[in-house]
Novice: 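The structure's right below; bear with me while I get my questions together.
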Amino acid sequence: MMVLEVRIAREDELAWANQRWAEIDFVTSSPGRDLIVIAELDGTPAGLGRLVRLANGEVELGGIVVFPEFRRRGVAEAIVTELVARIPAGVRAYCLPFEHLESFYARFGFARLDDRQAEHAAPEAREKLAFCRRTYPMSAVLMAR
Ligand SMILES: CC(C)(COP(=O)(O)OP(=O)(O)OC[C@H]1O[C@@H](n2cnc3c(N)ncnc32)[C@H](O)[C@@H]1OP(=O)(O)O)[C@@H](O)C(=O)NCCC(=O)NCCS
């Protein structure tokens, strides 16, 4: 049986995490700003995720990546479960998944914002949506919980 553990990244792991994100054209994290978690399968790093603190006190759950050899074993599910548990009570959280993953994030209570609702989202969330749309060939959606 494999042991799956999700833990908070140490400060000295930030450069490695940023390198893993940069490899797949994901935004990187600034030191001290984000809560980064690392999933390990039997002690081997298998994936990453983070909560980004926004200027208005809201958060963005993102940076979810599971390294190719560890996919389809529930690692992303474990990462998102851990991050959602760390969203402070009453704080609004956004996430910007690729469209084919909308139903996955819906399991955690995220709901897609339509264009009118998105106009009222935090500026960073709207900017991130614009970034995703111009950066990735797959379409991204803005969700909140
Ligand atoms: C998307 C990704 C994070 C999924 O990681 P994973 O560990 O394989 O996911 P899990 O095994 O925890 O599966 C969770 C759910 O995600 C969904 N899912 C995973 N891979 C999927 C795929 N290729 N297509 C559609 N849905 C998928 C499924 O709903 C799955 O639930 P199920 O197993 O009950 O069907 C991983 O494929 C990845 O890192 N991809 C590249 C980066 C990326 O797209 N990140 C997400 C940005 S929003």
Side-chain angles (χ1 to χ4, degrees), residues 1-10 13-31 33-88 91-145:
M1 212 185 92
M2 300 205 92
V3 177
L4 173 58
E5 193 201 9
V6 182
R7 63 170 176 84
I8 308 247
R10 298 184 309 266
E13 292 173 310
L14 175 66
W16 168 81
N18 277 341
Q19 196 184 322
R20 299 310 308 243
W21 280 315
E23 277 168 15
I24 55 165
D25 293 324
F26 274 28
V27 172
T28 55
S29 278
S30 315
R33 184 192 58 180
D34 305 335
L35 175 82
I36 299 172
V37 298
I38 300 177
E40 291 180 338
L41 263 178
D42 284 341
T44 303
L48 290 172
R50 67 186 154 201
L51 289 180
V52 177
R53 298 185 183 95
L54 307 185
N56 66 0
E58 296 175 334
V59 299
E60 183 213 334
L61 183 152
I64 309 299
V65 55
V66 175
F67 311 138
E69 59 272 40
F70 303 109
R71 288 181 188 168
R72 304 309 308 231
R73 293 190 223 171
V75 176
E77 172 108 40
I79 293 170
V80 176
T81 298
E82 180 65 27
L83 290 175
V84 165
R86 290 180 177 280
I87 298 169
V91 168
R92 186 158 151 104
Y94 299 96
C95 80
L96 293 104
F98 296 123
E99 204 163 25
H100 67 281
L101 295 168
E102 180 180 339
S103 62
F104 170 58
Y105 289 97
R107 287 187 208 165
F108 301 93
F110 286 93
R112 186 170 178 165
L113 301 186
D114 63 27
D115 288 346
R116 194 187 51 80
Q117 293 167 320
E119 281 174 29
H120 302 284
E124 293 108 314
R126 297 203 317 261
E127 281 156 25
K128 182 83 184 288
L129 184 63
F131 166 85
C132 291
R133 288 185 168 161
R134 65 174 186 268
T135 308
Y136 308 121
M138 287 177 287
S139 56
V141 296
L142 176 59
M143 301 179 81
R145 77 189 283 281

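Only a predicted model underlies this, so the values are computations on that prediction, with no experimental measurement involved. Start at 1 and go down the list; that is how both ligands and their atoms are numbered.
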Novice: Starting from atom 18 (N) of ligand 1, which protein heavy atom do you reach first, and at what distance in Å?
Specialist: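 Checked against all protein heavy atoms, atom 18 (N) of ligand 1 sits closest to L101 CD2, 3.7 Å.
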Novice: Looking only at heavy atoms, is any part of V75 under 4.0 Å from ligand 1, and if so is it the side chain, the backbone, or both, or is it neither?
Specialist: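 Within the 4.0 Å criterion, V75 contacts ligand 1 through backbone and side-chain atoms alike.
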Novice: Under a plain distance cut-off of 3.5 Å, with no hydrogens placed, do S29 and R50 share a side-chain donor-acceptor pair?
Specialist: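 A donor-acceptor contact under 3.5 Å links the two side chains.
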Novice: Counting only heavy atoms closer than 4.0 Å, does ligand 1 sit against the backbone of F98, its side chain, both, or neither?
Specialist: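 For F98, backbone and side-chain atoms both sit under 4.0 Å from ligand 1.
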Novice: If you measure from CD1 on I36 to CZ on R7, what distance do you get to the nearest 0.5 Å?
Specialist: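 Rounded to the nearest 0.5 Å, the CD1-CZ separation comes to 11.5 Å.
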Novice: Answer yes when E82 and R86 have at least one side-chain N-carboxylate O distance shorter than 4.0 Å, and no when they do not.
Specialist: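 Counted as a salt bridge, because a side-chain N and a carboxylate O are separated by less than 4.0 Å.
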Novice: Just heavy atoms, cut-off under 4.0 Å: does W21 contact ligand 1 by side chain, backbone, both, or neither?
Specialist: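 It is neither part, as no heavy atom is under 4.0 Å.
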Novice: Between the candidates G63, S103, A76, C132, which shows the shortest non-hydrogen contact distance to atom 3 (C) of ligand 1?
Specialist: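 Shortest heavy-atom distance from atom 3 (C) of ligand 1: A76.
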Novice: Output the list of atoms in ligand 1 that are nearer than 4.0 Å to some heavy atom of E77, sorted by atom number.
Specialist: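 Numbered from 1, ligand 1 contributes 12 (O).
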Novice: Using the ring of each side chain (for Trp, its six-membered ring), is F108 parallel, tilted or perpendicular to Y105, with breaks at 30° and 60°?
Specialist: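 The arrangement is tilted - the two ring planes meet at 30° to 60°.
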Novice: Tell me whether Y94 contacts the main-chain N or O of A122 through its side chain, where contact means a donor paired with an acceptor under 3.5 Å.
Specialist: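 Checking the backbone N and O of A122 against the side chain of Y94, a donor-acceptor pair under 3.5 Å is found.
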Novice: Protein heavy-atom contact under 4.0 Å for atom 13 (O) of ligand 1?
Specialist: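 No, no protein heavy atom sits under 4.0 Å from atom 13 (O) of ligand 1.
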Novice: When you measure from atom 8 (O) of ligand 1 to every protein heavy atom, which one gives the shortest distance, and what is it?
Specialist: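 Going atom by atom, the protein heavy atom closest to atom 8 (O) of ligand 1 ends up being R72 N, 2.6 Å.
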Novice: Could you tell me whether the side chain of R112 and the main chain of E102 form a donor-acceptor pair under 3.5 Å?
Specialist: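 Checking the backbone N and O of E102 against the side chain of R112, no donor-acceptor pair under 3.5 Å is found.
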Novice: Are L35 and I8 close enough that some pair of their side-chain heavy atoms sits under 4.5 Å apart?
Specialist: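 L35 vs I8: side chains touch.
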Novice: Looking at E13 and R10, is any side-chain nitrogen of the basic one under 4.0 Å from a carboxylate oxygen of the acidic one?
Specialist: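 Salt bridge between R10 and E13, a charged N being under 4.0 Å from a carboxylate O: yes.
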Novice: Considering heavy atoms of the protein only, find what lies nearest to atom 48 (S) of ligand 1 and give residue, atom and distance to 0.1 Å.
Specialist: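 Answer, as residue, atom name and distance: P97 CA, 3.3 Å.
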Novice: Nearest heavy atom to atom 39 (O) of ligand 1: which of V66, V141, V80 does it belong to?
Specialist: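 Closest candidate by heavy-atom distance is V66.
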Novice: Nearest protein heavy-atom contact for atom 15 (C) of ligand 1: which residue, which atom, what distance?
Specialist: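 Ranked first by proximity to atom 15 (C) of ligand 1 is F104 CD1, 3.3 Å.
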Novice: Heavy-atom distances under 4.0 Å decide this one: backbone, side chain, both or neither, for Y105 against ligand 1?
Specialist: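 Only the side chain of Y105 comes within reach of ligand 1.
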Novice: Within the structure, is a non-hydrogen atom of F26 found at a distance of less than 4.0 Å from ligand 1?
Specialist: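 Yes, F26 has a heavy atom closer than 4.0 Å to ligand 1.
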Novice: Among all protein non-hydrogen atoms, which one is nearest to atom 46 (C) of ligand 1, and what is the separation to 0.1 Å?
Specialist: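 Here the nearest protein heavy atom works out to I64 O, 3.4 Å.
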Novice: With respect to I24, determine whether any N or O atom, backbone or side chain, lies less than 3.5 Å from an N or O atom of ligand 1.
Specialist: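 There is no such contact.
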Novice: Could you tell me whether R72 and E77 have a side-chain N and a carboxylate O separated by less than 4.0 Å?
Specialist: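 Looking at E77 together with R72, the answer is no, because their closest N to O distance does not fall below 4.0 Å.
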Novice: Would you say R145's side chain and A93's backbone share a donor-acceptor pair under 3.5 angstrom?
Specialist: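 Not at all, since once roles are kept as given, no pair shorter than 3.5 Å links the two residues.
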Novice: Kindly check if the number of other-residue, nucleotide or ligand heavy atoms within 6.0 Å of CG (D115) is above 12?
Specialist: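 No - once you tally the heavy atoms of other residues, nucleotides and ligands closer than 6.0 Å, there are 12 at most.
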Novice: Between R107 and ligand 1, which residue portion shows a heavy-atom distance shorter than 4.0 Å: side chain, backbone, both, or neither?
Specialist: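 The part of R107 near ligand 1 is the side chain, not the backbone.
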Novice: Could you tell me the residue and atom name of the protein heavy atom closest to atom 36 (C) of ligand 1, and the distance to it rounded to 0.1 Å?
Specialist: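 Protein heavy atom with the smallest distance to atom 36 (C) of ligand 1: R71 NE, 3.5 Å.
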Novice: Provide, to 0.1 Å, the distance between atom 24 (N) of ligand 1 and the closest protein heavy atom, together with that atom's residue and name.
Specialist: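 In this structure, atom 24 (N) of ligand 1 has H100 CD2, 3.4 Å as its nearest protein heavy atom.
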Novice: Considering only protein heavy atoms, which is closest to atom 11 (O) of ligand 1, and at what distance to one decimal place?
Specialist: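 Ranking protein heavy atoms by distance from atom 11 (O) of ligand 1, first comes G74 N, 2.8 Å.
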Novice: Could you tell me which atoms of ligand 1, counted from 1 in the order shown, lie closer than 4.0 angstrom to a heavy atom of R73?
Specialist: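 Listed by number with element: 11 (O).
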Novice: Check whether any side-chain N or O of E124 sits under 3.5 Å from a backbone N or O of A55 as a donor-acceptor pair, and report yes or no.
Specialist: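 Yes; judged by distance alone, with no hydrogens or angles, the pair exists.
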